[in-house]
Amino acid sequence: MKFKSIKGTKDILPDESYRWQFVEQTIRSVMHAFNYREIRTPVFEETALFARGIGELTDIVGKEMYTFLDRSGSSLTLKPEMTAAVMRSFIQNNLGEQQPLVKVYYIAPMFRQERPQAGRLRQFHQFGAEAIGASHPYIDAEIIVLSAEIYKALGIKNFEIKINSVGCEQCRPSYKDKLTKHLQSVYDKLSEESRKRFGQNPLRILDSKDENDRALTNDAPLMKDHLCEECSSHFSQLRSILTSLNIEYQIDGRIVRGLDYYTKTAYEIVSNDLGSQDALTGGGRYDLLVKELDGKQTPSVGFAAGIERALMAMEKQNLFSGEQFSPKIFIAAADSAGKDWAITQAMTFRQSGISCEIDFLERSLKSQMREADRQKAEFVIIIGENELRNGHVSVKNMKTGNQTIVMIKDLVNHFQYQEGKDEPGKKD
RNA sequence: GUGUCCAUAGUUCAGUUUGGUUAGAACGCCAGGUUGUGGCCCUGGAGGUCGUGGGUUCAAGUCCCACUGGACACCCCA
């Protein structure tokens, strides 16, 4: 085997693509119900966009980006996340000047050069939404509910919504001091990893999975208890809106989003069906990002969710059975006269919107029947010289095994009628 | 970037511990089972440089080393 897909990338093969189609269709329909419109941006951007937007010190920018120089020497990067790209587009195209609140969604591939593991790939796919232009917690709530509704629509059961507030430029610095002081007292006992974080981003120590670290930080001060008045009121309003919407959530003061741009609301949706990478969704508010990217300060909220992780949860919960695409009709030809007829008739069916397959491998009638069965064709038309002479064909219903005679000239009508008769009320 | 485990037909795996005749199974695939008909069943068939490259040995799928790839965990996150 000479060529292989790149480490951490995967093919989506014909046997599984219907699952992706189902997930994507469901996402679109819920997004549309909430009146979000799709935005598509290029797969790559100027490297500096991500460096500035996501934060120079984040892991994503520091060590995970697929960055390369193009032939003119420009540094480009395959997008590791979507928010910075959406904001760039928002600013570049003056979307905020056309309407005060812009609500967009996306479904797109992302790229991060990390070590692959369960639920983590180098090319992965996210869906997400951004609501740009509103600061009221109503819109934070809408974003949270929107993401949760998508999981419900997909049939995913066991997920939890965890919310927190990470404060703002006003309250975060003084909280950080308090936290740092507290952590200094236990610094010697912290894990090596956490000690490394102490210098860079002490907030993340709260997020540590190390049991000892968690115990040591049990009584550490949490951001949510040290919010300024504005942030505190925003957070409590959000909670009561969610409650009034009957959304179950937990407050988790240890949620710290890894990207620099978050302010106020931060939330995660997690599932215990995923293994170690248990986050289905991460999101929150980022009121400073547009300005950071040289736009006019614009409050924004959004979320990003992993499609592969949603699929994992669905598989774990057995939400898929053997669905596959199958043709309505397979034409099995007994002889060469039949084959000549088959290719013409197949085109007629197809042009009438009836899916149809024929044999291309010069196989025996028996083999053609086996093929029709394997493909789960609903009906098989059997055709040969006899039928051509008499102007009718045998039509076999592969589910019941019943076989009937249909005049050749009536065939298209016959199956169009079948379509309506078999699936009353069903349309699409 | 670190760690643990793994790598044999299209797929899932035996065989590796105690190196030794033509490397097996199941499923899948192909063809047949009398005259033009699927699924079940029966018969036959095709298909493997045993991840790659070195080494030890009279002899390596089996032992040793390196590399590549995979799985999972750390880290981080979707």
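All of these numbers come straight from a predicted model, not from anything done at the bench. These numbers come from the heavy atoms of this one structure, side chains and all, not from hydrogens, waters or symmetry mates.
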All side-chain hydrogen bond (donor to acceptor under 3.5 Å, both in side chains) counterparts of [X], not counting sequence neighbours:
{"X": "A:T217", "result": "A:R254"}
{"X": "A:Q403", "result": "none"}
{"X": "A:E16", "result": "none"}

Mind checking side chain to side chain contact (heavy atoms under 4.5 Å, CB included) for A:E169 and listing every partner two or more places apart, or none if nothing turns up?
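Expected list: A:R172, A:L288.
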
For nucleotides 36-41 of chain B, just jot down a letter per nucleotide in 5' to 3' order: B, S or -, based on protein non-hydrogen atoms under 4.0 Å.
BBBB--

A:K152: salt bridge (Lys or Arg N to Asp or Glu O under 4.0 Å) partners, not counting sequence neighbours:
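Counting only residues at least two positions away or on another chain, A:K152 forms a salt bridge (Lys or Arg N to Asp or Glu O under 4.0 Å) with A:E149.
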
Once salt bridge (Lys or Arg N to Asp or Glu O under 4.0 Å) is applied, do any residues pair with A:R214, and if so which ones, sequence neighbours excluded?
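Result, salt bridge (Lys or Arg N to Asp or Glu O under 4.0 Å) vs A:R214: none returned.
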
Judged by each residue's nearest nucleotide on RNA chain B, which is more toward the 5′ side, A:G275 or A:S364?
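Between the two, 5'-proximity favours A:S364.
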
Which residue is it: A:I39, A:L95, A:L289, A:L293? I am looking for the one with a side-chain contact (heavy atoms from CB on, under 4.5 Å) to A:F90.
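Single side-chain contact (heavy atoms from CB on, under 4.5 Å) partner of A:F90 among A:I39, A:L95, A:L289, A:L293: A:L95.
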
Return yes if the base of B:C77 and the side-chain atoms of A:Q126 contain a donor-acceptor N/O pair under 3.5 Å, otherwise no.
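Counting by modelled atom types and ignoring angles, no donor-acceptor contact under 3.5 Å is found here.
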
Between the base of B:A78 and the side chain of A:R120, is there a donor and acceptor pair under 3.5 angstrom?
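Result: no qualifying N/O pair found.
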
For A:Y187, give me all partners under ring pair (Phe, Tyr, Trp, His ring centres under 6.0 Å), at least two apart in sequence or on another chain.
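For A:Y187 the ring pair (Phe, Tyr, Trp, His ring centres under 6.0 Å) partners, ignoring immediate neighbours, are A:F198.
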
Once you apply a heavy-atom cut-off of 4.0 Å, does [X] come out as touching a base, just sugar-phosphate, or nothing?
{"X": "A:A372", "result": "nothing"}
{"X": "A:G338", "result": "nothing"}
{"X": "A:K376", "result": "nothing"}
{"X": "A:G8", "result": "sugar-phosphate"}

Give me, pair by pair, the N or O atoms of the protein and of nucleotides 4-8 of chain B that are less than 3.5 Å apart, along with how far apart they are.
none

Counting Watson-Crick and G-U wobble pairs with both distances under 3.5 Å, what is the dot-bracket string for RNA chain B, 5' to 3', using [ ] for crossing pairs and | for pairs to another strand?
(((((((..((((......[...)))).(((((.......))))).....(((((..]....))))))))))))....

Identify each donor-acceptor pair in which a side-chain atom of residues 159-167 of chain A lies under 3.5 Å from a protein atom, sequence neighbours left out, and give them as a table.
| from | atom 1 | to | atom 2 | distance (Å) |
| --- | --- | --- | --- | --- |
| A:N164 | ND2 | A:G253 | O | 3.3 |
| A:N164 | ND2 | A:I255 | O | 3.0 |
| A:S165 | OG | A:G167 | N | 3.4 |
| A:S165 | OG | A:K264 | O | 3.4 |

Go through the steps to decide whether A:E114 and A:R122 satisfy the test salt bridge (charged side-chain N to carboxylate O under 4.0 Å, His left out), and finish with yes or no.
CA-CA 6 Å; A:E114 298 180 86; A:R122 290 184 169 187; over 6 Å; no

Positions of residues 302-316 of chain A (non-hydrogen atom under 4.0 Å from RNA chain B), listed by number:
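Those residues are A:A304, A:G306, A:R309.
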
Residue pair A:T9, A:L121: steps toward the side-chain contact (heavy atoms from CB on, under 4.5 Å) verdict
CA-CA 6 Å; A:T9 67; A:L121 291 169; over 6 Å; no

